[in-house]
Number of protein chains: 2
Amino acid sequence: MATIGDVARVAGVSRSTVSYALSGKRSISGDTQRRIQAAIAELGFTVNAGARALATAQTMSIGLLSQFHQDEFAPAMLQYIRSVCDAARQLGYDVLFVTDGDGAGAVKRITSSNQVDGVVLLDVTHADPRVAPLRAARQPGALIGLPSDTAGLDVFDLDFGESARMLVDHLYGLGHREIILISPPEHVFERGGAYGWRFRDAAIERAGRYGIRIHPHFGESQQPAIGVNINAVLDARKSATAMIVHNDATVAALPIVLQARGVRVPDDLSVASLYSRDFGRIFSLPYTAVESSPDKLGRLAVQQLVRRILDPDQAGPTVVKFIAPELMDRGSTT
Amino acid sequence: MATIGDVARVAGVSRSTVSYALSGKRSISGDTQRRIQAAIAELGFTVNAGARALATAQTMSIGLLSQFHQDEFAPAMLQYIRSVCDAARQLGYDVLFVTDGDGAGAVKRITSSNQVDGVVLLDVTHADPRVAPLRAARQPGALIGLPSDTAGLDVFDLDFGESARMLVDHLYGLGHREIILISPPEHVFERGGAYGWRFRDAAIERAGRYGIRIHPHFGESQQPAIGVNINAVLDARKSATAMIVHNDATVAALPIVLQARGVRVPDDLSVASLYSRDFGRIFSLPYTAVESSPDKLGRLAVQQLVRRILDPDQAGPTVVKFIAPELMDRGSTT
DNA sequence: CTTCATCGTCGAACCGCTTCGACAAAAAGG
DNA sequence: CCTTTTTGTCGAAGCGGTTCGACGATGAAG
């Protein structure tokens, strides 16, 4: 493997000159520049990332922490992962992808060993154990999902409250006066998935303001429980004319369950949900829904993280940004 | 940030002694050992991964290359990613996850800059552009998916030929004499996804041997094209009694499409496919299928890769391992 | 024709850790 | 009791880069 010393020798200059030619931090004469480039090409030289990281105290990679819970419905996760990776790469960063069961330990490990310049946490819960070690780390952190304490960290999330209100408004405007709400499974609430109650509470509050009825239920995360659950709910709420589904697993299975039951959408039941365009495409979902924008969230998180990496002080106070929901009308409501 | 020098000073020993205490490569007296541990605890010292990597020429991380093609059906990918990450972590390696559009460039970048000790390539195609730069790299590589030239690299893949034969055998044994085969979309064949033709050719060959009819068709990758396609195929092959689906996107959408068409499985049509247990669970798929074992493939690839990293010479000649398919009978065939 | 910047280059120090050879002290062997 | 071996520790060199200060050469200003 060629080192910068080899390049220097072949080009007949000192190592520091090669380094400056590479970084452009000092001016180099045209002739020298050319000899160095020739030597680099001849030797097939590439900078050793580890050595550079040691010297500059910059690894040019960020950590991405993703949890895979038992019984969790993961497909949507991939979109966040992708957008984070793409955004990072675009800014010149590589991604260290960590899926340790012990998320807090993983955060401590990669930050304290200086393997990364910053960390993105995916799917952050209310009392997420990864937040404390990240806050304690030297590196900045960006979260996707809202924890109880956001001090010292940048947070990005969909505005679930506004999403819920938007959907209730939409259905109310169409004349619906009794609505079923399928929330995430109970274990998501227990684990502290704040988006669950942020959405539900806002929906209930809004329905209350309109004086209409809303029936909140937990979703299930796996078949056949999903089908059983939906059927039970529909049986129990025969007079409801619309359903809001705030759960990936349920909405993915919904078309089949409804078809099996002989329920036509939107003739018999109006359905509205919350998922991303890509998610809907993958599962062939025909429902009017709030766009969950994983691509936008991932990008924003990374951009802010990199801003902080480059200029820890100038980047200003930490941010909590709820991105505005957007309703995609696919005609599943009347 | 505490360095090994700080620990040495606090413990009253030399830096090398601390290093040996950490690695256990030379014996250390009990007393010294204790003082060093105390100093480490007091200072909250962690080894700087970059510095260690530079000194040992080992990064303790592996690269994982994943491509996201336009219009590709990605959910299954996540299972490979997960199993690779889990296996790597279990062996003490972190994962540098790379999704660059330019896969070949990415391989060159992370290997020549010594960011990783080895590389796993996901979803390898027949003439995969990433294979050549990986072969040229100093680091070993493991592939999931079969390229045309496997020289110098370990390859792991499901035995698609045997899978196809197993499914044809299964249906033939149940009395079926005319079978529809839905292969991956045409663009997968064009891109060189060898699993497409490996499966199809074997199925055709086997059907030929039995003297039964098989109708190969390409699948589609997105709704609504998938539904249109399946309906067209079923219309064109009215006398077929069974269908083999070798395509994630199609099989995921199949329940809905068949239900809409009023086709009951297995009464009207026997259906067999190829996907993983988890994939089936996510999409609520009820079909008898060959298990695609992404978890096993990921694990095998990583284990072999690490074996080669640890002992480049002793690990023996490169391996091409087709893992044996396993039929999961879910009762969708009669 | 001095004086002073500016430009281009070099040498040395440093980033934080590992490892080799050396060596004194303690333990084992004859 | 004197070798010989083993044990525990140290200093220095090296991994492959970056960066700072110094310095001669060149050009501009007075």
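Predicted, not measured: the structure shown is a model, and the values here were computed from it. Below, read A as the first sequence line, B as the second, and so on, with proteins coming before strands; counting in each chain starts at 1.
Looking at Asp117(A) and Thr59(A), their side chains do bring a donor and an acceptor atom within 3.5 Å of each other. No side-chain donor from either of Gln79(A) and Arg82(A) sits under 3.5 Å from a side-chain acceptor of the other. In the model, Thr3(A) has no side-chain atom that pairs as donor or acceptor with a side-chain atom of Asn48(A) under 3.5 Å.
Using the six-membered ring where Trp is involved, Phe97(B) and Phe68(B) have ring planes that are perpendicular, over 60° apart on the 30 and 60° scheme.
Straight-line distance from the CE atom of Met60(B) to the P atom of dC17(C): 17 Å, rounded to whole Å. Regarding Arg138(B), its CZ atom lies at a distance of 14 Å from the C1' atom of dC15(D), rounded to whole Å. Rounded to a whole Å, the CG atom of Asp31(B) is 14 Å from the P atom of dA26(C).
Not one side-chain nitrogen or oxygen of Ser14(B) sits closer than 4.0 Å to the OP1 or OP2 atom of dG11(D).
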### Query
In the 5'-to-3' direction, what one-character label does each nucleotide of nucleotides 16-26 of chain D receive under the scheme B = base within less than 4.0 Å of a protein heavy atom, S = sugar-phosphate only, - = no such atom?
BBBBBBB----
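The shortest side-chain heavy-atom distance between Val131(A) and Leu134(A) does not fall under the 4.5 Å cut-off.
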### Task
Applying salt bridge (charged side-chain N to carboxylate O under 4.0 Å, His left out), run through Asp154(A) and Lys321(A) and close with a yes or a no.
CA-CA 8 Å; Asp154(A) 293 307; Lys321(A) 179 159 178 62; over 6 Å; no
